[in-house]
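Since the structure comes first, as C-alpha cells, the remarks are kept for the end.
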Amino acid sequence: MDYDDNNVFAKILREEMPSHRVYEDSYTLAFMDIMPVSKGHTLVIPKSKSVNIFDLDEEFLSAVIKTTKRVADAIKKVFAPSGVIITQLNGAKAGQTVFHYHMHIIPVYEKAPFQPHANDVEDEAVLASTAKEIKQILV
Ligand code: AMP
C-alpha cells in the first residue's frame, strides 16, 4: 500500500487537523488518541511517510521506541495504571485503521479489559486536561 499524504496523522503532523500533543522532537510526535480505550491512551508517530513497520526506517523506529518509553514513563507516574499495553497494528487485516505508522500506549487500570479500539470520541476538555497532566511530567 502506498503512503497517503491525506491520512489523518499526516494532517495532524502538518497541523491541518487539531490534536492534543504531549511530546514532540525532530523524529516523533506523541498525542492523545481521540477515542481512548482508557484514560491516558496516547499515540506515538514518526515524522516520516511510513504506512507500517515494513516501510519504517530504523532510525525512525528507534526514535519511536524511545519516545514511547518516555511518554509511557510519564503516564505511569501521572495515572498510576496497573499495567500499560504498548502495541501497534500492521495492515488492515491486523486491525490497522490509520495508515501512518503509530504506536499505541494504553494504560490498563484495575479490571479494564484489553481492546485495541474504542467507539466513542472523547470530550475535548477531557483530552486536553489529560494531555496537560502527561505534558507536565515531560517538561
Ligand atoms: P489503528 O487501528 O491501530 O490504526 O488505530 C488508529 C487509532 O487512531 C484509533 O485508536 C483511533 O481512535 C485513533 N484516531 C483516529 N483519528 C484520530 C484523530 N484525529 N486524532 C487522534 N486519534 C485518532
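As the structure lists them, so they are numbered: ligands from 1, and atoms in each ligand from 1.
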- Option nearest atom 22 (N) of ligand 1 (shortest heavy-atom distance, choices T87, I34, T97): I34

- Query: Just which atoms of ligand 1 are under 4.0 Å from any heavy atom in D33?
  - Reply: 7 (C), 8 (O), 9 (C), 10 (O), 11 (C), 12 (O), 13 (C), 22 (N)

- Is the ring centre of H100 less than 6.0 Å from the ring centre of H102? no

- Task: Using non-hydrogen atoms of the residue, decide whether F99 is closer than 4.0 angstrom to ligand 1.
- Result: no

- Passing candidate, side-chain hydrogen bond (donor to acceptor under 3.5 Å, both in side chains) with Y27, options K47, K66, E59: E59

- Query: What do we get for M32 next to ligand 1 when only non-hydrogen atoms under 4.0 Å count, side chain, backbone, both or neither?
  - Reply: backbone

- Task: List the steps and the verdict of side chain to side chain contact (heavy atoms under 4.5 Å, CB included) for I134 and F79.
- Result: CA-CA 9 Å; I134 299 170; F79 301 122; 3.7 Å; yes

- Query: Do any N/O atoms on H104 end up under 3.5 angstrom from N/O atoms on ligand 1?
  - Reply: yes

- Which atoms of ligand 1 sit under 4.0 Å from any heavy atom of F31? 21 (C)

- Query: Salt bridge or not for K77 and D73, using N-O below 4.0 Å?
  - Reply: no

- Please tell me if the side chains of H104 and L43 come closer than 4.5 Å, counting only heavy atoms from C-beta onward. yes

- Can you list the atoms of ligand 1 that are under 4.0 Å from a heavy atom of M35? 12 (O)

- Message: With the threshold set at under 4.0 angstrom, would you say K11 reaches ligand 1 through any of its heavy atoms?
- Response: no

- Residue D2 excluded, over 12 heavy atoms near CG under 6.0 Å: no

- Contact summary for A10 and Y3, nearest pair of heavy atoms: CB-OH, 3.3 Å

- Query: For ligand 1, which atoms sit closer than 4.0 Å to a heavy atom of Q96?
  - Reply: 2 (O), 4 (O)

- Task: Pull out every atom of ligand 1 sitting under 4.0 Å from any heavy atom of M17, numbered as shown with elements.
- Result: 19 (N)

- Task: Please confirm whether F9 and F31 have ring centers closer than 6.0 angstrom.
- Result: yes

- Message: Less than 4.5 Å apart, side chain to side chain, heavy atoms only: is that true for V108 and P81?
- Response: no

- What do we get for L89 next to ligand 1 when only non-hydrogen atoms under 4.0 Å count, side chain, backbone, both or neither? side chain

- Message: Please work out, at 4.0 Å between heavy atoms, whether the side chain, the backbone, both, or neither of L43 comes within that distance of ligand 1.
- Response: side chain

- Can a non-hydrogen atom of S19 be found less than 4.0 Å from any atom of ligand 1? no

- Message: Less than 4.0 Å is my threshold; does some heavy atom of I12 fall inside it relative to ligand 1?
- Response: yes

